[in-house]
Amino acid sequence: MTAPGPNINGEVPTVLVRDDEGRDLLCFLEQLIPLDDKDYALLTPVDTPVSLFRLIEGNDPELIETIASSEPILSVADVVLQEHDLTLVRSAVTLTVNGELDEPDPEELEDEETDGDSETYELLVSFMVQEQEYGLYIPLDPFFVVARMTDGQAKLVEGEEFDQIQPRIEVELEDREL
């Protein structure tokens, strides 16, 4: 099967992917990759993915990898984002922000020092919760999601299945020269 790409109207198809907790994430369908008689989809979120960091003065920001959707920190983030006409979405896979974001200035990004091994991020907003500073950051590297397509439904590929399938998807994409 070939890459879906834009349709006649120039629109890229979208797919709703669901995780094991029943949370959804609306994504653009970037590539369809058949492996072992199954179709895997390489997706990018429609809304802007964000990562939550704890900001500690004098130290590098600390990524918070897992957070309950009911966490008070996210309630404060909701309020701060609303001041910018943005909405925090507790999606599958990642937190996302819905709304009109300013595009980053490419010249500013080139000036920022980055560690070659780590992802680079741009600060969207920072806020205080119980005397601790937090920040929502936008990853500047492309954010991909892998899903298994079954009967037109997208199921998030996680854990062991992801570990097994990810290297094979990378090889397939290299073969397609992406």
Side-chain angles (χ1 to χ4, degrees), residues 12 14-30 41-147 154-163 165-167 169-170:
V12 176
T14 57
V15 174
L16 190 64
V17 66
R18 179 164 283 151
D19 68 9
D20 288 336
E21 295 177 26
R23 295 176 301 194
D24 295 329
L25 178 64
L26 184 61
C27 294
F28 292 115
L29 178 57
E30 301 293 340
L42 189 62
L43 311 166
T44 54
V46 170
D47 291 332
T48 304
V50 291
S51 298
L52 180 65
F53 283 83
R54 181 176 294 113
L55 306 178
I56 303 166
E57 195 168 323
N59 293 325
D60 288 337
E62 178 185 311
L63 177 63
I64 298 173
E65 301 215 18
T66 57
I67 188 163
S69 60
S70 61
E71 185 71 36
I73 296 166
L74 297 183
S75 298
V76 174
D78 279 329
V79 172
V80 172
L81 287 171
Q82 287 171 9
E83 293 171 4
H84 299 278
D85 294 324
L86 300 170
T87 305
L88 183 64
V89 182
R90 292 150 177 85
S91 309
V93 184
T94 185
L95 296 170
T96 58
V97 171
N98 182 302
E100 230 19 74
L101 292 172
D102 296 330
E103 289 296 317
D105 182 355
E107 290 180 15
E108 282 182 26
L109 297 178
E110 290 174 8
D111 293 343
E112 291 181 17
E113 290 184 31
T114 58
D115 178 352
D117 293 334
S118 65
E119 277 189 279
T120 54
Y121 294 88
E122 179 182 20
L123 178 65
L124 175 62
V125 295
S126 62
F127 52 93
M128 299 292 289
V129 177
Q130 297 175 354
E131 299 182 24
Q132 172 63 59
E133 187 175 13
Y134 295 90
L136 285 176
Y137 284 77
I138 301 170
L140 298 175
D141 294 333
F143 188 94
F144 292 106
V145 176
V146 177
K155 174 76 169 110
L156 181 64
V157 176
E158 301 178 274
E160 203 174 294
E161 182 181 9
F162 178 80
D163 293 342
I165 209 72
Q166 187 237 355
I169 288 174
E170 286 178 3

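The chain is numbered in sequence order, starting from 1. Note that the coordinates shown come from a computational prediction; the quantities given were computed from them, not determined experimentally.
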* Verify side chain to side chain contact (heavy atoms under 4.5 Å, CB included) between V89 and V97, making sure each step is shown before the conclusion. => CA-CA 6 Å; V89 182; V97 171; over 6 Å; no

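- In this structure, the separation between CD1 on I138 and CG on L124 is 4.5 Å, given to the nearest 0.5 Å.
- Taking all atoms of both residues into account, the shortest heavy-atom contact from F162 to P167 is O-CD, 4.5 Å.
- Residues V79 and F127 have side chains not in contact (no heavy-atom distance under 4.5 Å, counting atoms from C-beta outward).
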* To do: For V93 and F143, run side chain to side chain contact (heavy atoms under 4.5 Å, CB included): C-alpha distance rounded to whole Å, both residues' side-chain angles, the deciding distance at 0.1 Å, then the answer.
  => CA-CA 11 Å; V93 184; F143 188 94; 3.9 Å; yes

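- The two residues V80 and H84 have their closest heavy-atom pair at O-CD2, 3.2 Å.
- For CD of E83, the number of neighbouring non-hydrogen atoms (other residues, nucleotides, ligands) closer than 6.0 Å is greater than 12.
- The structure places CG of L16 at 8.0 Å from CG of L25, a figure rounded to the nearest 0.5 Å.
- With contacts defined as side-chain heavy-atom distances shorter than 4.5 Å, the pair Y134/V76 does not qualify.
- Contact check for T44 versus P142: no side-chain heavy atoms found under the 4.5 Å cut-off.
- Expressed to the nearest 0.5 Å, how far CD of Q166 lies from CZ of F144 amounts to 12.0 Å.
- Here the OG1 atom belonging to T87 is positioned 8.0 Å from the CG atom belonging to L81, to the nearest 0.5 angstrom.
- Looking at K155 and D20, their side chains come closer than 4.5 Å, going by heavy atoms from C-beta outward.
- The CD1 atom of I67 lies 4.0 Å from the CG atom of L74; values are rounded to the nearest 0.5 Å.
- Pairs of residues two or more places apart, or lying in two chains, that qualify as salt bridge (charged side-chain N to carboxylate O under 4.0 Å, His left out) and include a residue from residues 44-59 are R54-E62.
- Screening N98, L136, L101, T48 against L86 for a side chain to side chain contact (heavy atoms under 4.5 Å, CB included) leaves a single residue, L101.
- Side-chain atoms of Q132 come within 3.5 Å of backbone atoms of L55 as a donor-acceptor pair (strictly under, hydrogens ignored).
- Of the inter-residue distances, the one linking R23 atom CZ with R18 atom CZ reads 11.5 Å to the nearest 0.5 angstrom.
- Listed here is the closest heavy atom pair of A92 and V17: CB-O, 4.3 Å.
- Note on ring orientation: taking the six-membered ring where Trp is involved, the planes of Y137 and Y121 are perpendicular (angle over 60°, cut-offs 30° and 60°).
- Of all heavy-atom pairs between R90 and L88, the closest is NH1-O, 4.0 Å.
- For P49 against P139, the heavy-atom pair with the smallest separation is O-CD, 3.2 Å.
- With a 4.5 Å cut-off on side-chain heavy atoms, V145 and L156 count as touching.
- Summarising the geometry of T96 relative to S91, their closest heavy-atom pair is OG1-OG, 2.9 Å, with the distance given to 0.1 Å.
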